[in-house]
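In what follows, chains carry the letters A, B, and so on, assigned in the order in which the sequence lines appear, proteins first and then strands, with residues in each chain numbered from 1.
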Protein chains: 2
Amino acid sequence: MQMKATVPITAVGLKAACAQCNLVELCLPFGMSDSELHRLDDLVGARRKIKRQQPLYRAGDPFEAIYAIRTGSFKTDVLLEDGREQVTGFQMTGEILGLDGISTELHSCNAVALEDSEVCVIAYDRLEELSREVEGLQHQFHKVMSREIVRDHGVMMLLGSMRAEERLAAFLLNMSQRFTARGFSAAEFHLRMTREEIGSYLGLKLETVSRAFSRFQDEGLVTVQQKHIRILDNAGLKKLIQHQQRAC
Amino acid sequence: MQMKATVPITAVGLKAACAQCNLVELCLPFGMSDSELHRLDDLVGARRKIKRQQPLYRAGDPFEAIYAIRTGSFKTDVLLEDGREQVTGFQMTGEILGLDGISTELHSCNAVALEDSEVCVIAYDRLEELSREVEGLQHQFHKVMSREIVRDHGVMMLLGSMRAEERLAAFLLNMSQRFTARGFSAAEFHLRMTREEIGSYLGLKLETVSRAFSRFQDEGLVTVQQKHIRILDNAGLKKLIQHQQRAC
DNA sequence: CCCCGCCGTTGATCCACGTCAACCACATTC
DNA sequence: GAATGTGGTTGACGTGGATCAACGGCGGGG
């Protein structure tokens, strides 16, 4: 069921035109002036469509570009020789994929589409070139990388110090907040990933994720119907995370 | 026991002079030409000495500079409101601290010296400025940030998918490899952090860390005397990580 | 030198989560 | 509509690591 190599499923020749894109606020060009914005037009090359379950890139692939998600969503994961998988993140529209490849010029993880998706391809050498000239771009790019580091620290906190229900609560609140930023409902959304993928991300087995969902539902914090989530008690979820619910 | 703010313990006026530093190979200037190297002299401002247990910066501090470790070592950690601590990393000479601050212009974690240490202070606005002119610096800086992201993914793998002994084995091999890169013995070294700090980093309690050390010693993989470690069977440790040691 | 505090080790017990297994809800295909 | 497969839920049970507790060793200060 695996493909030999990561090949573009579709590479359409359309220019991406950040200035016209409604994702600027969430994406790499955030905070740039109009004049700066127009200089990006020759940076963002083609778009590429990726079908659900297909890889955008794989660990070991040569690194040439980073990718901005235009539509759809992805997961990134790393694999151990013995087959164990760790999902390292879920990415939504406007977010940047591929930063892991800069350090060794090889991608160090897999990026897989969770649904039919489209990305803007940003050639990395062109990005470095242009960001030497466009200060706003340079600065924003650094912020994007730094944000990724901060996000990863948050996940470490989650994996290293939280119990199962706290992890799931943190995950739901994070998803809710990211949907909100994209103009969707904070309270009601559709998860694109399976229980197993959530579990891998949170360092839990899928059964534990499922049970935690059920318990949240019993306690009136959320309603869950398969992948459709409705948050009923945001504050209750937040409280779960902070109050280490132990005696003493 | 906490200090109000992070103030320089000592700020010596000495220019750092990367070109003369024996850490270039490990540090930000890696791979830069001699002529590029000399342009760094006015980038790296003062050095700063930090006493053991003192913070270099704290979560919430305004971000102004990143730091290259000249001597000593640090830990970085994040705290939850309820007091839980997650150590997100241990840093050694030549490694860069403070990248987490770029995204929000506030530091998002604490950096604490594990021993009396000295860092080179690199003003961030000057770094951006200079890296617009010096291509090698720009590229190397991006690699350093990317490497941090890749490293964090490795820690997630560890926290999310490995059992206690695998985590400790991975930790020891990682330390060994980093000591080697610094010209120290790969087999014998002195840990600067406590069992509790190791435990926090690995998502384990200190007792579990201690027991795993004892078991490694019983199995002839290492000898442990307090913080002094000698690795007897490198391959054995590696095997521990890959072979998911379950029946079936 | 002795005292004291911190750090590390080890043992006994507990419990959160993993494991194993059965079953159910949908979606896809024929 | 039946057949098949994938993903999700739930229950029973086992276990790895947390918790609680006692003790030992080293290092710093009087």
Name all residues meeting the ring-ring contact (aromatic ring centres under 6.0 Å, His included) criterion together with F213(A); count only those two or more places apart in sequence or in a different chain, and write none if there are none. none
Tell me every residue that passes ring-ring contact (aromatic ring centres under 6.0 Å, His included) with Y201(A), counting only those two or more places apart in sequence or in another chain. F90(A)
Give the ring-plane orientation class for H107(B) versus F63(B), where under 30° counts as parallel, over 60° as perpendicular and anything between as tilted. perpendicular
Atom [atom1] of [X] to atom [atom2] of [N]: distance rounded to whole Å?
{"X": "E207(B)", "N": "dG16(D)", "atom1": "CD", "atom2": "P", "result": "18 Å"}
{"X": "R52(B)", "N": "dC7(C)", "atom1": "CZ", "atom2": "C1'", "result": "11 Å"}
{"X": "M193(B)", "N": "dG8(C)", "atom1": "CE", "atom2": "P", "result": "11 Å"}
{"X": "Q217(A)", "N": "dT10(D)", "atom1": "CD", "atom2": "P", "result": "8 Å"}
{"X": "E166(B)", "N": "dG16(D)", "atom1": "CD", "atom2": "C1'", "result": "12 Å"}
{"X": "R215(B)", "N": "dG11(C)", "atom1": "CZ", "atom2": "C1'", "result": "13 Å"}
{"X": "L168(B)", "N": "dG16(D)", "atom1": "CG", "atom2": "P", "result": "17 Å"}
{"X": "L204(B)", "N": "dT9(C)", "atom1": "CG", "atom2": "C1'", "result": "16 Å"}

Is S214(B) near enough to dT10(C) that one of its side-chain N or O atoms lies under 4.0 angstrom from OP1 or OP2? yes
Under 4.0 Å between a side-chain N/O of R195(A) and OP1 or OP2 of dT9(D), yes or no? yes
Using distance alone, with no hydrogens and no angle criterion, decide if T76(B) and Q91(B) have a side-chain donor and acceptor under 3.5 Å apart. yes
The side chain of [X] is closest to which nucleotide in this list: [options]?
{"X": "K227(A)", "options": "dG8(D), dT10(C), dT19(C)", "answer": "dG8(D)"}
{"X": "R163(B)", "options": "dG17(D), dG8(C), dT10(D)", "answer": "dG17(D)"}
{"X": "T194(A)", "options": "dT10(D), dT9(D), dG8(D)", "answer": "dG8(D)"}

Please answer whether the main-chain N or O of S108(B) pairs with a side-chain N or O of D100(B) as donor and acceptor at a distance below 3.5 Å. yes
Just call it for [X]: base, sugar-phosphate, or nothing, with non-hydrogen atoms closer than 4.0 Å on any strand.
{"X": "S210(A)", "value": "base"}
{"X": "L206(B)", "value": "base"}
{"X": "G199(A)", "value": "nothing"}

dG8(C) base / R211(B) side chain donor-acceptor hit below 3.5 Å: no
Residue whose closest nucleotide on DNA chain C lies nearer the 5' end, R167(A) versus Q226(A): R167(A)
